[in-house]
Visitor: 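Below: one structure in structure tokens.
Here the structure is a predicted model, which means the values were calculated and not measured. Numbered from 1 within each chain, the chains take letters A, B, ... in sequence-line order.
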Amino acid sequence: MSDTRFDPAQADARWQAAWDKAQTFRADSNSAKPKSYVLEMFPYPSGRIHIGHVRNYTMGDVLARYKKATGHEVLHPMGWDAFGMPAENAAMEKGVHPGGWTRDNIEHMKAQLKRLGFALDWSRELATCEPDYYGHEQALFIDLYEAGLVYRKESEVNWDPVDMTVLANEQVIDGKGWRSGAEVEKRKLNQWFLKITDFAEELLEGLGSLENWPDKVRLMQENWIGKSKGLEFSFDLSNGEKLPVYTTRPDTIFGASFVAVAADHPVAQGVAMNNCDAAKFIETCKKGGTTAAELETAEKLGFDTGIGAVHPFTGEHLPVYIANFVLMNYGTGAIMAVPGHDQRDFEFATKYGLPIPRVVAPSVEDADKPFDGEAEAGEGVIVNSDFLDGMEVEDAKREIIRRIEQQGRGQGKTVWRLRDWGVSRQRYWGTPIPFIHCESCGVVPASKDSLPITLPEDVDFKTPGNPLLRHPTWKHVDCPKCGGKAERETDTLDTFVDSSWYFLRFASQPADKPFDKDEIAKWLPVEQYIGGIEHAILHLLYARFWTRALAHMGQIEVTEPFASLFTQGMVTHETYSRKEGGKTVYYAPDEISREANRALLSADGGEVEIGRVIKMSKSKKNVVDPDTIIDTYGADAVRWFMLSDSPPERDLPWSEAGIEGCSRFVHRLWRLFTAYDAGAQGEDKALARKTHQTIAAVAEDIEALGFNKAVARIYELTGAVEKAAPSASRSHAIRTLVQLVAPMMPHLAEEAWATLGETGMVADAAWPEVDPALLVEDEVTIAVQHKGKLRDTLTAPKGASKEDLEAMALASENVQRSIDGAEIRKVIVVPDRLVNIVT
RNA sequence: GCGGGUGUGGCGGAAUGGUAGACGCCGGGGACUUAAAAUCCCCUGAGCUUUGCUCGUGUGGGUUCGAGUCCCACCACCCGCACCA
């Protein structure tokens, strides 16, 4: 026993070294135990770990350590999403090499992670920027090509003029580059695409099986994939051409009063050739903003082309407009407009004085009911529609599709919002696309023997654009097919490709191929994947796509990589700012001294404004540095804070007072642990019960990732042990407490475990056993209510009869006073819970 | 606009339809100390005529012996998507 203070700095280092030495967290693929693959989204090596990483990885770590304690062979790896633009930006700004910069960052961040004592299998560490990773990615890319899932086409791309690169649709936010914030331009380039649309149906269907994913994420993916069923058919135009349109409401075809095409539709372009006004109008449309606010307020505008479209059933000539609200890249870029039953069409028709016929009504009698200032998009019966009259919407849809197909004019069609994934990036710091351009053979894949195609080291970043393109020798190679002179592809892959299969490489790392099928079958799927909600669509959809694509090619068997997904909340902090010369200047927490209701700037003692509690960000300076807080409080206090109070899916407000409270608790536990008396005798039934109830509750909470609740249980047990007199039960409670906190505060737990005289490490110890007999109380507190209001509580033996409870309740002085002689009409007794007397 | 989520003390948050506010933080009082730090103990939703009573989980209704929890309507905030035919 020792009454010296717990020294986190010393204990942290000692046990981190001990785990390393014993390879405690190494995953054994040949283990006979049930497996558990716990994975957190790997970080981009930006230079320093931020507090969000700490929260993310602490959650995963608790689960991994708990799984190990409960007899699982745990795979809990860590690696680096190491390609990407910040490295090139650093190269441009500081003149360092992206590779050197990235590897330095990795080294630093790895040391930071090690300081937190995470139970990671570092032997499986990988970095996507190393040839032994991206070389395999090149091989997989060629496999995908051979499976017909990779193609090249000239397409209009989103060109970021600042980063000089192409962006995916989803990387364009409000018309601006997601990283640079620059206004995105349209350019035509030859691009590599992955055929994710081939898997649209599967990816949508698969969501149904992902029961342990947040509904929110599933819904976001569903909307992103955007399946819609409808009819594509062609109008005959008065100029002799045919105009295909797409509609999800073929049932409303008799309500069509005009036809509209997108500004960049061929029909519109054709009209513009000999009509200046049309050309001008198209220009106006293109200038129209794409931001959310602008779209919301944008007026519906149109230009009458003078062309007529013949209605397939009535023969009527409908005017063809060019309209700013029709999109070229959805459906056919042309619509039949039904103002009565589509709000956009309604607004347009109102503006241009076009007819608004009603073809759907609540009932047949309402066929001529006027519209109340807006379109009616809902259900009903079809009216004013010839042979459709009286039909339900769904029946009418089928009927129209049948007739249109019979006429040979079109067919029922499913349209997807999801587009193919453009993966070409005109950057240096990415995986080189393993293809070669040959004048006689065309575009051919590199031979697999030539992999990895590595990036050249001698590059400069003094000029913007792609250094691979201007490198003097790198791109010149012989054609793998004909042997003639040829050139390498100089585009590199989108970094989302790198993160689309890293979870497979963690599970299996042969040198000669991307992974081993049997090893993947052993470890996948990931039992628990944890990361930020910001990856709800892109990363998670791409990873699901790659997994399915690889399964299709027979390379693996698993189709969904992440069985269970958890999206954790952000770490937030209040902001400190004040106006200085008209500008708002933000100050970091360590520049501030915080008092009860105000905050003062340490430098000059001036008061600063305390702002909202928001996500930590560099621009608002409301960040805390993990290294600093580990220095001050030790890894365990920091980990404990990450788990306390806030439910893990919600935001966690960082506070100085909060971390200090955690630190106090670390020391409080230590005092308790060092007061352990192995030889204490005697039973303390109440404490024993509390101990066993806590073991069960903490286990349940950890499995449900309810860390804040587990923390509260541990506080309760701690309080109970502190109050208890020495006994065998108390000694058992203390030993149990060490084990319960071990996943959360592993360093303190190891230190205590040794102090208690246990052999081996607590990290290797089995989770404490629960005695089911001790989970139930033998006395319970019964609430006594009069007309639903609490009047008294009483203690009764567990399982007491209804009659006894009723008698005890009626004997209560408080209850009698409340009843005050009134007639008792009913008595409700819930055994072991309450008695409610109704008068 | 559409879709989803969340509203509980000063704060973070607990509560299978059954004692609202567990647990933590903040705050107040006390003990120990020459003093401080550390530690420990007590109090801490609001109000009242304080053995006890009334009110109280965003607002208004409803179901029920009993509602934070279920149902209906509304309000506020947050997130996602966005003229997707």
Visitor: Check every strand shown and say whether A:Gln785 touches a base, only sugar-phosphate, or nothing at a heavy-atom separation below 4.0 Å.
Guide: base
Visitor: What's the closest nucleotide to the side chain of A:Ile828 if the choices are B:A85, B:C65, B:G12?
Guide: B:C65
Visitor: Could you check whether A:Asn223 gets within reach of a base, just the sugar-phosphate, or nothing at all, counting any heavy atom under 4.0 Å?
Guide: nothing
Visitor: Let me know the distance between CD of A:Glu660 and P of B:A37, rounded to the nearest Å.
Guide: 13 Å
Visitor: Have a look at A:Asn708 and say if it touches a base, only the backbone sugar-phosphate, or nothing, with a 4.0 Å heavy-atom cut-off.
Guide: sugar-phosphate
Visitor: Does A:Lys227 have a side-chain nitrogen or oxygen under 4.0 Å from the phosphate oxygens OP1 or OP2 of B:C84?
Guide: no
Visitor: Which whole number of Å gives the distance between the P atom of B:C72 and that of B:G21?
Guide: 29 Å
Visitor: Verify the contact: side-chain N or O of A:Arg825 to OP1 or OP2 of B:C65, cut-off strictly under 4.0 Å; return yes or no.
Guide: no
Visitor: Within the pair A:Arg664 and B:C26, is there a side-chain N or O less than 4.0 Å away from OP1 or OP2?
Guide: yes
Visitor: B:G66, OP1 or OP2 - any side-chain N/O from A:Arg833 closer than 4.0 Å?
Guide: no
Visitor: Could you check whether any side-chain N or O of A:Ser812 sits under 3.5 Å from a backbone N or O of A:Val815, counting only pairs where one atom can act as donor and the other as acceptor?
Guide: yes
Visitor: Can you identify which nucleotide, out of B:G52, B:A85, B:G12, has its nearest atom closest to the A:Ser646 side chain?
Guide: B:G12
Visitor: CZ of A:Arg419 versus P of B:C81: gap in Å, rounded?
Guide: 14 Å
Visitor: Taking the C1' atom of each, how far is B:U57 from B:G80, in whole Å?
Guide: 28 Å
Visitor: Mind checking the C1' distance from B:G4 to B:G13? Whole angstroms is fine.
Guide: 23 Å
Visitor: Can you check the distance between B:C75 and B:C25, where both ends of the measurement are the C1' atom (answer in whole Å)?
Guide: 31 Å
Visitor: Tell me which nucleotide among B:A85, B:G66, B:G80 gets nearest to the side chain of A:Leu327.
Guide: B:A85
Visitor: Counting any heavy atom closer than 4.0 Å, what does A:Val830 reach on the DNA or RNA strands: base, sugar-phosphate only, or nothing?
Guide: base
Visitor: Distance between the C1' atoms of B:A46 and B:A36, in whole angstroms?
Guide: 37 Å
Visitor: Between A:Tyr715 and A:Ser644, is there a side-chain donor-acceptor contact under 3.5 Å, judged purely by atom types and distance?
Guide: no
Visitor: Report which part of the nucleic acid A:Leu219 touches: base, sugar-phosphate, or nothing (heavy-atom distance under 4.0 Å, all strands).
Guide: sugar-phosphate
Visitor: Write down the distance between CG (A:Leu669) and P (B:C40), rounded to a whole number of angstrom.
Guide: 11 Å
Visitor: Do A:Arg358 and A:Phe371 meet the cation-pi criteria used here (NZ or CZ under 6.0 Å from the six-membered ring centre, within 45° of the axis)?
Guide: yes
Visitor: Contact class for A:Ser644 vs. all strands (heavy atom < 4.0 Å): base, sugar-phosphate, or nothing?
Guide: nothing
Visitor: Looking only at side-chain N and O atoms, does A:Arg5 come under 4.0 Å of OP1 or OP2 in B:A37?
Guide: no
Visitor: Do the ring planes of A:Phe6 and A:Trp670 sit parallel (below 30°), tilted (30 to 60°) or perpendicular (above 60°)?
Guide: tilted
Visitor: Could you tell me how far B:G27 sits from B:U44 if I compare only their C1' atoms? Round to whole Å.
Guide: 8 Å
Visitor: May I ask you to verify whether the side chain of A:Lys709 and the base of B:C23 hold a donor-acceptor pair under 3.5 Å?
Guide: no
Visitor: Looking at every strand, decide which applies to A:Val326 at a 4.0 Å heavy-atom threshold: base, sugar-phosphate, or nothing.
Guide: base
Visitor: Can you check whether A:Arg218 has a side-chain N or O nearer than 4.0 Å to OP1 or OP2 of B:G4?
Guide: no
Visitor: So, does A:Arg791 get its side chain near the phosphate of B:G66, meaning an N or O under 4.0 Å from OP1 or OP2?
Guide: no
Visitor: Just to be sure I understand the rule, does A:Tyr246 reach a base, reach only the sugar-phosphate, or reach nothing, if contact means heavy atoms closer than 4.0 Å?
Guide: base
Visitor: How far does the C1' atom of B:C78 sit from the matching atom of B:G17, given to the nearest Å?
Guide: 29 Å
Visitor: Would you indicate, yes or no, if B:A85 has its OP1 or OP2 atom less than 4.0 angstrom from a side-chain nitrogen or oxygen of A:Tyr330?
Guide: yes
Visitor: Does A:Ser655 reach a base, just sugar-phosphate, or nothing at all? Heavy atoms under 4.0 Å.
Guide: nothing
Visitor: Going by the angle between their ring planes, with limits at 30° and 60°, are A:Tyr352 and A:Phe348 parallel, tilted or perpendicular?
Guide: tilted
Visitor: Taking only side-chain nitrogens and oxygens of A:Lys787, does any of them come within less than 4.0 Å of OP1 or OP2 of B:U64?
Guide: no
Visitor: Rounded to the nearest angstrom, tell me the gap between atom NZ in A:Lys826 and atom P in B:U64.
Guide: 10 Å
